[in-house]
Amino acid sequence: MTTAARHAYESHDALLDDYFERGWTDGLPIVAPTPEKVGAFLEHAGLAGHEVLGAVPTREVTCTAEQAAANAVMAGCRPEYFPVVAAAVRAHLHPKGNSHSTTGTLSGAAQAVIVNGPIRNELEVASQAGCFGPGFRANATIGRALRLVIRNVCRAIPGFLDRASFSTPARYSFCFGENEEASDWVPLHVQRGLAPEQSAVTVHSLMKMVEATDFISRTAEGVCDTLAREIRFNGIAGDSWLGEDGNVVIVIGHEHHRFFRAQGWSKVDVQQYLWSRITAPATSATDRMARIGRPEGILVVAAGGAGMAASWLLLPHLALAITEPVASPPRLGK
Amino acid sequence: MELEWAGVPSVAIVHEEMRGSAEAIARVSGCPDYEFIAADYPWTPTAIWSKEECLDLAEIMAPKVLAALTGRS
């Protein structure tokens, strides 16, 4: 049962025109959030419409499951994606996810949604070649659903509470899976305390994403030195509110990953090697100390396809990366 | 605004480029006429300002804060 205000339209074109006019879209067409579809999404996630997924107190905003479901429909999700969307909304609206700052900032921070666990393959969330870009329904629509919630529920509308000077295409949608099959690396959600069979999302607000290309190195140490150099060049500012718990996400690409596999490096090895180097004292304005308080604050994720000797740095905005379990869909009995 | 609601006389200081955001927050909080004092755009993040830089801004802002608190222009 849905409770939202209802609007009737003579045609889908009329609906789209009205939604654009009211500022309810990201500029792209949407799927009409009919009561039936919204209800099906809620049912699939086992959520009641009035359940609260989170809040943005500075904006007098509370986000209900029904609101999230309506935006997930609009984004083009399938019903079975909604448990992932709901978890992503919960993660983003965690107090340390800092929705107010990360969606209002002049810097135009974006939100990366990283999917782990069995649901990643069940929903065909791409984690290999092309996983950051278009072509994968789950990636495209789950990431878009979170951004539509940020716009339509959390009021992050350009010129209103979204004050980005440029913004970024990553704000249309940014969702990918960890390639858990790439190696015996412990998946991100397990490193963060969840069971391997538990599906999860990690939402990370990023100030910018930087490609760390290195065709030269042939060792784990060499690749890590390149990553550390890029991090120190770009800088990671600390914040007393976040304390020692700051995060940076490092997405290790296929070609770089092979060197870690060959030398038997675990994620913990990568974290410890990198942490000591990125936190060493600054030597110049372009070689700065990163304010990451602990090695575990470096979140290492395997993803991407073969060919390009690159990894990606998702440099943080003023927020922690938050990992939330994905509730088991009751109809799937998992 | 929350300090004001708690009975603490307060003045909100924003920098010019965030005035629009502050005014939007005032609107959604039901106080569209809430007055802000604006400072010039801070070219470096305030988190890394030196004590001297903070004092320089304080000298500029203090009279404006006092005027806002006492209602004097």
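For clarity, every value in this text was computed on a predicted model and none was experimentally measured. Side-chain atoms are counted along with the backbone in the values below, which use heavy atoms only and exclude waters and symmetry mates. The sequence lines fix the lettering, A, B, ..., with proteins before strands; numbering per chain opens at 1.
Ranked by heavy-atom pairs under 4.5 Å with chain B, the list A:Asp162, A:Thr58, A:Leu161, A:Asp239 is led by A:Leu161.
In this structure, A:Arg232 places its CZ atom where more than 12 heavy-atom neighbours from other residues, nucleotides or ligands lie under 6.0 Å away. Within 6.0 Å of CZ on A:Phe233 lie no more than 12 heavy atoms contributed by other residues, nucleotides or ligands. Residue B:Tyr41 qualifies as enclosed at atom OH: its count of foreign heavy atoms under 6.0 Å is above 12. Within 6.0 Å of atom OH in A:Tyr172, 12 or fewer heavy atoms from other residues, nucleotides or ligands are found, so the atom counts as exposed in its surroundings.
Using a 4.5 Å cut-off on side-chain heavy atoms (C-beta onward), A:Arg163 and B:Met18 make contact. Contact annotation: the side chain of B:Val28 approaches that of A:Phe160 to within less than 4.5 Å [non-hydrogen atoms, C-beta and beyond]. Side-chain contact check for B:Ile25 versus A:His100: some heavy-atom pair is nearer than 4.5 Å.
The nearest pair of heavy atoms linking B:Ser29 to A:Glu60 is OG-OE2, 4.1 Å.
Atoms CZ and CZ, on B:Arg27 and A:Arg155 in that order, are 10.0 Å from each other to the nearest 0.5 Å.
If you measure heavy-atom distances from B:Met1 to chain A, you find no contacts under 4.5 Å at all.
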